[in-house]
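A short worksheet on the structure shown next.
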Amino acid sequence: MKKSNDIKVKILYFITVLLALSLLTRLFYLQILKGYYYRELSDYRSLRILEEQSIRGRILDRNGVVLAESIPSYNLVVVVEDVRDETEFENVAKIIKSSKSEIKNYIQKANMPSYYKVLIKANLSTEEIAKIEEHSYEFPGFGIEVSSRRYYPFGEIGANFLGFVGPVTEDDIKSDSFYSYEDTIGKQGLEFQYENYLRGKKGKREVLVDSVGRVQQVLYVEDAEPGADIYLSVDIKVQENLEKEINDRTGVAIAMDPQSGEIFAMVSHPSFDPNLFIKGITDKEYKNLESKDAFLNRAIQATYPTGSTFKPVTLISALETKSITPNTVINCGNSITLGGRIFKDWIYPSAFGPQTASIALANSSDVFFYTIGIRTGIEEISKYAKLFQLDKKTDVDLPFETSGLIPDPSWKEQVIGESWYVGDTANLSVGQGYLLVSPISMASFYASISNNGIEYVPHFLQKVVSPEGNVIYNYEKKIRLQYNISNETLKTVLDGMEALTNKPDMKVIRVNDVVVCSKTGSAEVYDKEVHHWLISFAPRENTKVVGLLFFENSNFSSSHSLAPLMRDLLENFF
Amino acid sequence: MRRVPLSAIFILTTLSIYSLVSLYVLSGRIIYASKELTYILIGFFITYFIAHYDFRILKNFAFFIYGLTVISLIAVIVLGITVYSSKRWINIWDMFSLQPSEFAKIALIIVLAFVFSEDHSNNLKKFALATLLTVIIAGLIFIQPDLGSALVIGFIYLVFVVFSLPLKYTVLVLSSVVAMLPFLVKLLKPYQLERFLVFLNPQRDPLGSGYNVIQSIIAVGSGRLYGKGIAGSTMTRLNFVPVQYSDFIFSAIGEIFGFVGSLLLIVLFGTLLFSAINSYRSTNNVFGRGLAIGVFAMLFFQVMVNVGMCIGVMPVTGIPLPFVSYGGSSTITNFIAIGLMINVFIYKDEINLVI
């Protein structure tokens, strides 16, 4: 007992001495052997963590054509401390076509310590770079610094879905620790939508700085990783052609694949050049663009009355509820009177006379649709319109999509505070009245008709490819809605749409004799010109493409006048 | 009053001076140092008080103290104040806050000393009871979460097992810890695990978890032989070393007092540990030996881990440096421990207490 106690006591003494010695050995190493080194380090006073920006990923079309990329930007900077005399300012000013006072103004505005680099001019031209390098000995305080900037090679083309980048806001920094001041972030469109793929990973450098903030030693470097590239379903050639078709009119053009939801092209005009934001847009330019609603992507962020392009919805609800059959003949006069109000056919004072459903659809006879709409009833029509989700967002992969409006009695009661009249039903039956639908939603609806009632979520993204070239995300098509339209109903609608396309003034659409189904629409707008719609898909069987043309307050003479433009659109595919 | 040896007064006073000076330099204000001074004065009073009474009376209160500790630890979890995302403190009448995990160390020492001093019990029963009592306390502290204090508790228990039971129990404890390691690792919070991984590989995250340690090493090393003094200790003053008031206080001492000052500090702690060993071997009273070995274990582990962490040879865990780190509960706990240690020495010749 006593003996084992002795051993235990010895152990205690031993481990105490061992602890003291090992701590002292380490302290001797740190404070005596390496004391000078650490004293030096501590004299630098501070260890700073500097960020290195990552290179933002590219956006490419389906064929690998670059639509957005980050390119080096050469900037003229000055370190005031290194400027020897006043002539330097004058010499530099000459090259960049500025003035001495302007340069000094920049320096004053930056309000930075004199050893800091102050930006004088961003995005120098090659000519300027050459001159500056040639004369660099004349102004040692100035230098060229490389950074990266976003570049959109196609300018306005595709700008509405590509979006643009801009400086982060206070809120961005608060909501995501990734960002810090002076960062850029996707603001609109796909740049916004796929920010997390595109932004990459920032690099970090741990450096020791001296008492005035100069980097003295780099302790640790973690390289930045470039962002991933995103590939779109867009074909930029088609996009360019459609932009030309819309020209300087206000309108929308969409081309999409109904069997997958892939968008080949989406035009919204007026548009803007996203490069303007990088170069620095003037207030005047910005206000001018804003007054034209150039930043609004009309295809997804605006809703419009659809006019006759809604008629297939009315027809489907009438047929599916058995309110009429495909063979029901209705003798149509030039107008009908409802609640003391006269509802004219568009052909008024002529009349279409006896018609079946598909012929009436081809004729777009308003009287026929008023009649079957009233026969079917508002509840059924709005039910079917909602079934096709015309009042819902399509969930296209773009930010800030808006949803449409399908009026019904309870909505009218609540919002307008009036009861529903039979005239409202008639109006809705021909796509007038309170109905509002976004162009992308209409295109999607026609995609579902062309695809036996199966509608895919419209989308841009095809795949995401890492900087190393590995596909890190592959988009799988997603069904947005599926409705089993009876074959008979479908045939009636398609027959009508085909017959419309075969009318003499529309036949031009049939590029290479492909069977095309179309529907036109003119939506009346209070106090302004009508909106014109033309939605087509081709071929009738196994449809490859749905095309949509829309002109806001159009200057065309009728919706049929859009036929040649639709032919141009389809020519991209057939 | 004459019972507290002069050497102990000298050591505790010197350690207190280290504490007050570094707290002043760290905070740049007098407030922390003056608060700590209050704790130290209370601490001295407590040491005198405890040294004065025969420690063996504690035997009768061992389970009472233990029960009180468990209740207060539960109270922390239920009512506790959250600081740095862990609940460690409870408010007493909104006047001051207590950190029961500190007092729990003393409670555990007393209850384990009591359990192992029971004659009419076999080793297996003692072992089972001691293990149960330890696991309850360690568990309650671990979920606060306060990994550091839980480790101190575990170490005290381990030393008790080593010194009070045959070797096979030590083997049993160590092998079960190893066996349960994968499970224990899962219990750790990600940041706690990260600290261990960073310790094993400092390059893992030099800007994140490794930052504190790098800063601390630079501060200590820059003290060189004589230290930079109060005015020159820029690393400490400019707050490059975070959470210094308790955890990284040794880095301030290294910078301010240099190698000479650090050497003295370590010698002081060594002397304190020697005194604990002295108390241990001087008495034949099993309960008293238990108290001494428990106090030894507590001080030994805290000094090793805290100083080791500041000089980069131990992983980062929030364990205060006895008598030096800022904090009332911790300071007073240490003074209680020293009181017990002195007491054991004073009453070394008494074997049984008859009440």
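The chains referred to below are lettered A, B, ... by the order of the sequence lines, with proteins before strands, and numbering in each begins at 1. Scope of the values below: all heavy atoms of this structure, side chains included, with no hydrogens, waters or symmetry mates. Keep in mind the model is a prediction, meaning the values are calculated, not measured.
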With distance as the sole criterion, is a donor-acceptor pair present between the side chains of A/Arg150 and A/Ser70 under 3.5 Å?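 Checked: A/Arg150/A/Ser70 side chains pair up, N/O donor to acceptor below 3.5 Å.
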Taking [options] one by one, which has the highest count of heavy-atom pairs under 4.5 Å against chain A?
options                      : value
B/Ile266, B/Ile277, B/Leu273 : B/Ile277
B/Asn278, B/Val159, B/Ile217 : B/Ile217
B/Leu263, B/Val162, B/Val303 : B/Leu263
B/Gly258, B/Gly227, B/Gly223 : B/Gly258

Heavy-atom distance under 4.5 Å to chain A: side chain of [X], backbone, both or neither?
X        : answer
B/Phe259 : both
B/Phe296 : side chain
B/Ile293 : side chain
B/Val267 : neither

Where does [X] contact chain B at under 4.5 Å (heavy atoms): side chain, backbone, both or neither?
X       : answer
A/Ile15 : both
A/Tyr37 : neither
A/Tyr29 : neither
A/Leu27 : both

Does A/Ile55, at its CD1 atom, have more than 12 non-hydrogen atoms belonging to other residues, nucleotides or ligands within less than 6.0 Å?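 It does not: A/Ile55 CD1 has 12 such atoms or fewer within range.
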Looking at side-chain heavy atoms only, is the closest gap between A/Ile185 and A/Lys187 below 4.5 Å?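 A side-chain contact exists here, since the closest heavy-atom pair is under 4.5 Å.
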How about B/Leu151 and B/Val305: do any of their side-chain heavy atoms sit closer than 4.5 Å?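 With C-beta onward as the side chain, the pair stays apart.
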Check whether A/Tyr231 forms a cation-pi arrangement with A/Lys463 (NZ or CZ under 6.0 Å from the six-membered ring centre, at most 45° off the ring normal).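 So A/Lys463 does make the cation-pi contact.
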Let me see the working for A/Val165 and A/Glu195 under side-chain contact (heavy atoms from CB on, under 4.5 Å), right down to the final yes or no. CA-CA 9 Å; A/Val165 295; A/Glu195 169 72 13; 5.5 Å; no
Rounded to the nearest 0.5 Å, how far does CZ of B/Phe301 lie from CD1 of B/Ile319?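 Answer for the CD1-CZ pair, B/Ile319 versus B/Phe301, is 4.5 Å.
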Could you tell me which non-hydrogen atom of A/Asn75 sits nearest to which non-hydrogen atom of A/Leu124, and how far apart they are?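 Shortest heavy-atom contact: C-CD1, 3.9 Å.
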